Asks: 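First the structure, which I've put down as structure tokens, then a few questions once you've had a look.
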4 protein chains.
Amino acid sequence: MTKDKLIQAAIANFAEFGYQGATMSKIAKEVGIKPASIYYFFDNKEALFKEAVKVILAHHFSSMKKTYHLQKEENLHTLFSELLRSILVHHTTFQNETKAYVTMVNSPISNIKREITAYLQRYNQWLVGQLMHTISAKHPELKEEKISSLIDYFIFIGNGLFWGLSFTKKMN
Amino acid sequence: MTKDKLIQAAIANFAEFGYQGATMSKIAKEVGIKPASIYYFFDNKEALFKEAVKVILAHHFSSMKKTYHLQKEENLHTLFSELLRSILVHHTTFQNETKAYVTMVNSPISNIKREITAYLQRYNQWLVGQLMHTISAKHPELKEEKISSLIDYFIFIGNGLFWGLSFTKKMN
Amino acid sequence: MTKDKLIQAAIANFAEFGYQGATMSKIAKEVGIKPASIYYFFDNKEALFKEAVKVILAHHFSSMKKTYHLQKEENLHTLFSELLRSILVHHTTFQNETKAYVTMVNSPISNIKREITAYLQRYNQWLVGQLMHTISAKHPELKEEKISSLIDYFIFIGNGLFWGLSFTKKMN
Amino acid sequence: MTKDKLIQAAIANFAEFGYQGATMSKIAKEVGIKPASIYYFFDNKEALFKEAVKVILAHHFSSMKKTYHLQKEENLHTLFSELLRSILVHHTTFQNETKAYVTMVNSPISNIKREITAYLQRYNQWLVGQLMHTISAKHPELKEEKISSLIDYFIFIGNGLFWGLSFTKKMN
DNA sequence: GATGAATGAGCTTTCATTCAT
DNA sequence: TATGAATGAAAGCTCATTCAT
């Protein structure tokens with residue numbers, strides 16, 4: 001469908017050029033239509049990118065949720081390392097989406113910026129909640145304080161991995 | 001000096017709006033001159049931002065170096081936590097520069113992108129080299145492999161801190 | 001019938017936005033169809049508005065003629081004041097059409113402009129003819145010159161009434 | 001000065017094509033510059049036309065005021081006919097401005113519409129006030145009611161003259 | 001009769017840049 | 001040093017129109 005192709009092209013262009021740098025012309029050309037035709041599907045550039053953001057975040061979340069459920073049964077060490085591995089795999093496989101989303105955090109459209117930061121917070125809370133529950137079930141002997149500190153640790157490592165992936169490597 | 005004020009304004013605008021979003025007009029207005037006057041000091045927008053990038057990276061490096069030297073004498077634990085603290089302090093104090101530099105990594109000007117990724121690599125190498133040296137001096141009993149893994153650990157945590165700082169917090 | 005509804009919608013839109021401001025989309029939406037469907041009934045925008053103009057002018061003329069015939073029997077004073085009253089009633093009742101027609105006089109489509117000015121002239125001539133005939137029949141003692149001047153007078157007042165109605169009052 | 005030339009060109013174009021029909025390109029071409037250059041003098045199309053409106057209304061008012069003062073000394077009959085003559089002369093001499101202003105009454109920009117109707121009201125009030133004063137001074141024997149009715153009469157004739165001028169004649 | 005999808009032409013506007021002063 | 005005036009290029013967007021279905 002043209003509409004879906006447009007969203008994919010938007011993601012690719014946003015990733016490569018940022019919001020201001022991505023142009024309706026380039027996106028249209030990538031899909032094989034003329035710029036004016038985009039307006040049949042989306043009200044304007046902002047609307048197109050809002051939908052693109054939704055797609056990216058939904059994809060990210062479903063990806064993370066899937067991994068988490070797959071690994072719930074394992075021991076702690078395996079759980080952690082598999083989660084990190086899945087972060088790495090997701091962001092490596094969908095480089096476009098990750099780059100787009102990093103760029104979007106600094107989007108000039110405050111709604112988008114807000115939506116993404118809100119998503120990041122929700123995601124973090126969800127992750128912390130899940131880990132809290134799983135760890136305390138497997139290790140009833142650990143104090144909540146200790147678990148909390150473990151999770152912070154994990155989050156730091158995850159973020160570091162993400163950041164390292166995003167910029168020190170080949171994601172250009 | 002007007003030229004320095006222009007660079008500062010450029011950093012601020014780049015940080016807030018990205019390369020494409022930052023305009024010569026806005027930068028000029030911030031300095032209190034007219035857009036045409038910028039061209040007396042810089043050949044073009046790209047040149048202005050190249051200088052801005054240089055200033056940011058130099059500042060970052062001198063800041064990191066200073067902390068490192070201050071903390072060299074301490075024990076390992078203190079060294080690590082003070083380094084992390086100084087990363088935090090630097091990026092919190094110079095939010096503008098950090099935001100500009102995150103934005104610049106995705107700059108549409110490949111020279112700038114290249115320069116920054118090159119800097120990040122050099123910086124990382126430098127940091128790894130320093131830590132390697134310091135740690136092996138203080139703990140001759142540790143195998144190089146072990147040290148290397150410790151350092152990776154530290155880098156991950158540092159990156160995670162940086163990323164968390166940049167986006168999950170208030171850097172808007 | 002859809003075609004008639006389109007003409008009415010066209011009149012309303014032309015009245016409110018002028019020829020350039022009225023869009024096929026807005027007209028279609030008002031009728032509850034899609035823009036493309038208009039082209040089943042009319043060749044293009046110009047054709048649609050030409051038909052709208054015809055409807056308005058025919059309506060105006062039949063309205064004026066009716067009043068004239070109703071009042072022919074009365075004395076001069078009553079005739080004049082009733083005619084003025086009927087001008088007022090017509091333009092107040094069919095504000096849309098009047099506004100559309102004022103706008104159309106300045107239409108960028110010279111055919112329409114020409115048609116309307118031609119109509120106004122024909123209408124004026126008809127009115128003058130009718131009045132001439134009626135007055136000279138009722139007042140054989142009046143010289144033609146005197147009658148002519150009386151009629152001019154009446155026309156001026158009628159125009160003034162029309163103009164005042166159109167713009168100094170509530171026709172917004 | 002370019003700015004003044006722009007306003008004159010705007011008036012001419014607005015008169016000929018209406019607000020939507022007048023384009024920045026045509027206006028620019030008429031002045032001998034490129035469309036982009038207009039934005040050095042005016043923020044946008046709306047701002048340009050707001051200034052054009054101001055110029056037209058100010059010109060109209062000063063023109064009317066001048067005539068009125070010139071004729072104050074004469075007897076009533078002369079006063080009235082000279083005023084009508086000056087309305088005629090003004091609108092014939094500055095056809096452009098008159099056409100622009102008739103078009104603007106139906107402007108899609110509600111601010112402009114409002115400003116003009118407000119002006120028309122103020123102008124009418126001013127005229128009524130002036131006439132009231134002058135007539136009652138010259139003819140103390142007339143009852144206010146009678147004077148008021150005389151003035152209405154005059155206004156009607158003036159409007160009719162204006163309307164007739166605007167549309168039944170050659171103002172195309 | 002009606003419409004989904006597409007487009008060409010043209011619009012307003014922005015912006016980096018130039019250049020004479 | 002600084003700027004007023006101008007511009008080319010390109011952006012986002014609108015709209016009348018077409019055409020296969």
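What you are looking at is a predicted structure, and each value in this text was computed from that prediction instead of being measured. Below, read A as the first sequence line, B as the second, and so on, with proteins coming before strands; counting in each chain starts at 1.
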Asks: Using OP1 and OP2 only, check whether a side-chain N or O of D:T2 sits under 4.0 Å from F:dA6.
Replies: yes

Asks: Determine the minimum heavy-atom distance between A:N44 and A:Y39, stating which atoms define it.
Replies: CA-CE2, 3.9 Å

Asks: Just how far is it from atom CD1 of B:I33 to atom CG of B:L6, taken to the nearest 0.5 Å?
Replies: 4.5 Å

Asks: Dot-bracket notation for DNA chain E is requested: 5' to 3', Watson-Crick or G-U wobble pairs only, both distances under 3.5 Å, with ( ), [ ], | and . as defined.
Replies: .||||||||||||||||||||

Asks: How close or far is atom P of E:dT12 from atom CE of A:M24, stated in whole angstroms?
Replies: 20 Å

Asks: Surrounding CD of A:E16 (heavy atoms of other residues, nucleotides or ligands, distance under 6.0 Å), is the total greater than 12?
Replies: no

Asks: To the closest 0.5 Å, what do you measure between CD (C:E115) and NZ (C:K54)?
Replies: 6.5 Å

Asks: Do other residues, nucleotides or ligands put more than 12 heavy atoms under 6.0 Å from the CD atom of B:Q20?
Replies: yes

Asks: Could C:K45 and C:Y19 be counted as a cation-pi pair, given that NZ or CZ must be under 6.0 Å from the ring centre and within 45° of the axis?
Replies: yes

Asks: Tell me the interatomic distance from A:Q20, atom CD, to F:dA10, atom C1', rounded to whole angstroms.
Replies: 14 Å

Asks: Closest nucleotide of DNA chain E for B:G21 versus for D:Y19: which of these residues is on the 5' side?
Replies: D:Y19

Asks: I want to check a possible cation-pi pair here: A:K3 against A:F42, using under 6.0 Å from ring centre and within 45° of the ring axis as the test.
Replies: yes

Asks: Atom CG of C:N44 and atom C1' of F:dT17: how far apart are they, to the nearest Å?
Replies: 9 Å

Asks: Quick one: on DNA chain E, does D:K45 or B:K45 contact a more 5' nucleotide (nearest heavy atom)?
Replies: D:K45

Asks: Quick one: label B:A22 by what it contacts on the DNA or RNA (base, sugar-phosphate, nothing), any heavy atom closer than 4.0 Å.
Replies: sugar-phosphate

Asks: Could you state the interatomic distance from CD1 (C:I11) to CZ (C:F49), rounded to the nearest 0.5 Å?
Replies: 9.5 Å

Asks: Between atom CG in D:L6 and atom C1' in F:dA6, what is the gap in whole Å?
Replies: 12 Å

Asks: For B:K3 and F:dA2, give me the distance from atom NZ to atom C1', rounded to whole Å.
Replies: 16 Å

Asks: Within residues 26-42 of chain A, which residues have any heavy atom lying less than 4.0 Å from an atom of DNA chain F?
Replies: A:A36, A:Y39

Asks: When rounded to the nearest 0.5 angstrom, what distance separates CD1 in B:I56 from CG in B:N96?
Replies: 8.5 Å

